[in-house]
Structure formats: C-alpha cells, structure tokens
Amino acid sequence: MFGPNRIQGKTVLITGASSGIGEACARALAAHGAHLILCARRQERLTALQASLEAAHGVRVQVYRLDVRDRPAVEALAADLSRNGVVPDVLVNNAGKALGLHLLHEGSVEDWEEMIDTNVKGLLYMTRAVLPLMVARDSGHVVNIGSIAGHQVYQKGAVYNATKFAVRALNEGMALDLFGTRIRVTSIDPGLVETEFSRVRFHGDVNRARAVYEGYQPLRPEDIAEIVLFVLNVPEHVNILDLVVLPTAQRSAHMVHRTPSGG
Ligand code: NDP
Ligand code: 8X3
C-alpha cells in the first residue's frame, strides 16, 4: 500500500468472506487496522477467521451467518447494525458465483436462478439495506466485485456473464445515483483468480476445477485484496470507478497463454 494508511479504524462489511477473494480482503484489511463485519453462509469458517484476525491484529470482527439471497435476513442485519450505531465505512459486495458451463439451450434453470439471485439480487439487497446508512452521513465507499465476464461474453457462460454485466451496470448506476454525495463507488473486475470459484462452478468436481488454473500463473485472491486496499486507500477526492485486473498470461476472457511448464 502506498502513502498513509487511510484504512486504519474504518469499519468494512464484506459479503462472501468465508473463502477466496472475500477472505483475502478480510485478512488484508485487518492487517491494516480495519474493523470487520464478515458475512457468508458457512459461519464456522467466519468464526475461525474472526478469532485469528482479532488475535493477530487487535481489530473488532463481527460475523453474521447470512445468505445474501434472503432479503429479510439482509434487512435484519442492517437493522441490527443501525440499532448498535454501526455504519459501515465500506461495503464490499463480493458474494457471488458461477454455476455450470453450458450452452444456453442445455443449461440448468436452477443454476441460472441461483446465480441471478446471488450475484444480482443479493448484491441489490445488501446495497439497498446498507447504502441509506452511508447516505445519511454522506460518507462511505461501495466496492463491487464484478468480473472480466462483465465486459466480454464467453461461450457457455451467458448467464454468469449476464449477472456480471448487471453488476457493471449497477456499479455505474450507483455512482450516478450518488451524484453530489461524497460516497465513492468502485467495481473491481478480475480475470482468472484461483479460489473455490471453479469448484463451485463445477459442483465439486475438483479435477475439472484444477484444470482451469493449469499451465499459467492465475491471480491469487491476495492480489485482488491488495488492489481493494489500494482503491480504499486513495485520498477522498479520488474515485476509481472500474478496474479490470487480469493475470499477465490472460489477455481477454477468451485468451489465456498456457505452457507445459506453467510459466
Ligand atoms: P469463492 O467460491 O472462493 O468465494 C465465494 C464466496 O461467496 C464465499 O465466501 C461464499 O460463502 C460466498 N457466497 C456464495 N453464495 C453466497 C450466498 N448466497 N450468500 C452469502 N455468501 C455467499 O469464489 P471467489 O472468491 O473467487 O468469488 C468471489 C467473487 O469474485 C464472486 O462475486 C465472483 O463472481 C468474483 N470473481 C471471481 C473470479 C475468479 O476467477 N475466482 C474472477 C472474477 C470475479 P458461503 O459459501 O460460505 O456462503
Ligand atoms: C470469473 C472469471 O473467466 O471464469 O468471473 O468468468 S471467468
């Protein structure tokens, strides 16, 4: 991180903090003195993370077992924060997934619904619940985790692509609707990051998931966390609206340079 630490003492709410990019963001932010509100469905993972971050960094970490698709639960979380006088300085809308890789006419409607409900509606529920708290005090920062898949469509990915195109539209729309406020809005749009993402996409097929990351150096979740830190740490008059981040070996959603040595 460059310059002074502007993250220290801030309160950051992260969805999908039990794994991958969300977990890496939690670790990086805690190491820089941020207090955390961590949400995901696998509460036992969050509780372990909470204990280790509190012990290592002396920050406050609250955990919530939360399914972002559950609108009443999302609203209850915001009400709970409000009741306790907690206003997140930062909301990281990270929870998301791809499910399946199929031609549209062969795809699973259940997979489509889960992707749309999580990536689009869940992000909207969180934003609708938390943003009014930021607007009321005219400060805050929303970081949406989009994807290169929201810039370029690839075959068999249409529905995941559509959800990430939606995230890009919502990011832009949020920025416009917050015109005149001091609230910043950023989308971080990664290419291939080695997390549980592909294991989830292929419904637990670990061999197929591993193959996605073979023959090149994919991004690590820590790379994205470092970029989130950077984006949050720039001075208040600076807003990074949208940032596409790819592995050096990846030049588009369709082009990944793989070699036998994986170099
Ligand atoms: P992971 O599968 O490792 O992490 C996904 C996180 O989302 C988990 O913490 C999971 O927690 C949480 N999550 C999933 N469903 C829900 C839900 N209904 N409610 C609450 N939390 C949920 O994947 P990544 O870290 O890679 O993915 C994070 C984000 O990054 C996603 O939005 C993804 O689309 C995006 N992305 C990923 C890329 C990649 O190549 N990995 C590239 C570009 C973008 P739990 O299961 O405990 O609820
Ligand atoms: C995740 C990256 O290329 O699998 O958003 O869609 S990709």
Side-chain angles (χ1 to χ4, degrees), residues 13-27 37-49 63-71 73-74 77 92-101 111 113-126 143-168 170-171 187-204 208-209 211-213 216 218-225 227-228 243-247 249-256:
L13 192 166
I14 305 172
T15 66
S18 61
S19 166
I21 293 170
E23 179 185 343
C25 288
R27 291 185 186 282
I37 302 162
L38 305 180
C39 309
R41 294 167 304 171
R42 288 171 292 180
Q43 187 172 13
E44 62 294 346
R45 286 197 181 198
L46 296 181
T47 307
L49 186 58
V63 304
Y64 286 88
R65 189 172 68 75
L66 180 76
D67 186 330
V68 294
R69 296 171 296 174
D70 181 348
R71 180 151 68 102
V74 170
L77 161 63
V92 183
N93 277 321
N94 164 74
K97 66 187 52 172
L99 289 172
L101 197 58
D111 282 355
E113 285 180 340
E114 186 169 341
M115 284 188 276
I116 292 166
D117 288 349
T118 309
N119 302 1
V120 182
K121 291 171 71 179
L123 181 145
L124 278 171
Y125 295 160
M126 284 304 302
V143 176
N144 297 305
I145 305 298
S147 173
I148 182 68
H151 294 259
Q152 295 165 343
V153 176
Y154 52 86
Q155 194 188 33
K156 301 184 178 178
V159 177
Y160 179 66
N161 290 134
T163 68
K164 290 298 182 178
F165 271 72
V167 171
R168 187 146 71 100
L170 291 171
N171 185 72
S187 186
I188 308 290
D189 300 346
L192 291 150
V193 190
E194 188 166 8
T195 63
E196 294 178 12
F197 177 86
S198 292
R199 209 183 311 164
V200 172
R201 164 169 254 171
F202 299 126
H203 295 284
R208 199 167 171 203
V212 172
Y213 308 110
Y216 69 102
L219 295 170
R220 300 162 302 147
E222 294 77 15
D223 298 322
I224 303 303
I227 289 159
V228 170
L243 205 52
V244 177
V245 187
L246 304 176
Q250 181 179 18
R251 295 301 157 105
S252 79
H254 316 97
M255 290 178 73
V256 181

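Everything quoted here is computed from the prediction, not taken from an experiment. Atoms within a ligand are numbered from 1 in the order they appear, just like the ligands themselves.
- Given atom 18 (N) of ligand 1, the protein heavy atom at minimum distance is Asp67 OD1, 2.9 Å.
- Using a 4.0 Å cut-off between heavy atoms, Ile21 contacts ligand 1 through both its backbone and its side chain.
- Taking atom 44 (C) of ligand 1 as the reference point, the nearest protein heavy-atom neighbour is Gly146 O, 3.1 Å.
- Set against the non-hydrogen atoms of Ile145, the atoms of ligand 1 under 4.0 Å away are 29 (C), 30 (O), 35 (C).
- Counting only distance, with no hydrogens or angles, the side chain of Arg65 and the backbone of Arg41 share no donor-acceptor pair below 3.5 Å.
- Annotation: atom 46 (O) of ligand 1 to nearest protein heavy atom, Arg41 NH2, 2.8 Å.
- Of the protein's heavy atoms, Thr195 OG1, 3.4 Å lies nearest to atom 23 (O) of ligand 1.
- At the shortest separation from atom 12 (C) of ligand 1 among protein heavy atoms lies Gly16 CA, 3.5 Å.
- Compare Ala95, Gly22, Gly96, Gly20 by their heavy atoms: the one nearest to atom 5 (C) of ligand 1 is in Gly96.
- In terms of protein heavy atoms, atom 9 (O) of ligand 1 is closest to Ser18 OG, 2.8 Å.
- Here's the thing with Gln250: none of its N/O atoms is less than 3.5 angstrom from an N/O atom of ligand 2.
- Within ligand 1, the atoms closer than 4.0 Å to a non-hydrogen atom of Leu66 are 19 (N), 20 (C), numbered from 1 in the order shown.
- Atom 28 (C) of ligand 1 has Asn94 OD1, 3.1 Å as its closest protein atom, hydrogens excluded (heavy atom only).
- When heavy-atom distances to ligand 2 are checked against a 4.0 Å cut-off, Arg201 comes that close only through its side chain, counted from C-beta outward.
- Contact analysis leaves Gly122 out of contact with ligand 1, as no non-hydrogen atom separation drops below 4.0 angstrom.
- No salt bridge links Arg201 with Glu114; every basic N to acidic carboxylate O contact stays at or beyond 4.0 Å.
- With sequence neighbours left out, the side-chain hydrogen bond (donor to acceptor under 3.5 Å, both in side chains) criterion links Asp223 to Arg220.
- Contacts between Lys164 and ligand 1 below 4.0 angstrom, taking non-hydrogen atoms only, involve the side chain exclusively.
- For atom 4 (O) of ligand 1, the closest heavy atom belonging to the protein is Ser19 OG, 3.7 Å.
- Checked against the 6.0 Å centroid criterion, the rings of Phe197 and Tyr160 qualify as a close aromatic pair.
- Judged by distance alone, the side chains of Asn119 and Thr163 do bring a donor and an acceptor atom under 3.5 Å apart.
- Close approach of ligand 1 to Leu192 is summarised as follows: ligand atoms under 4.0 Å from at least one heavy atom of the residue are 40 (O).
- Of all atoms in ligand 1, listed by their number and element, those nearer than 4.0 Å to a heavy atom of Tyr160 are 33 (C), 34 (O), 36 (N), 44 (C).
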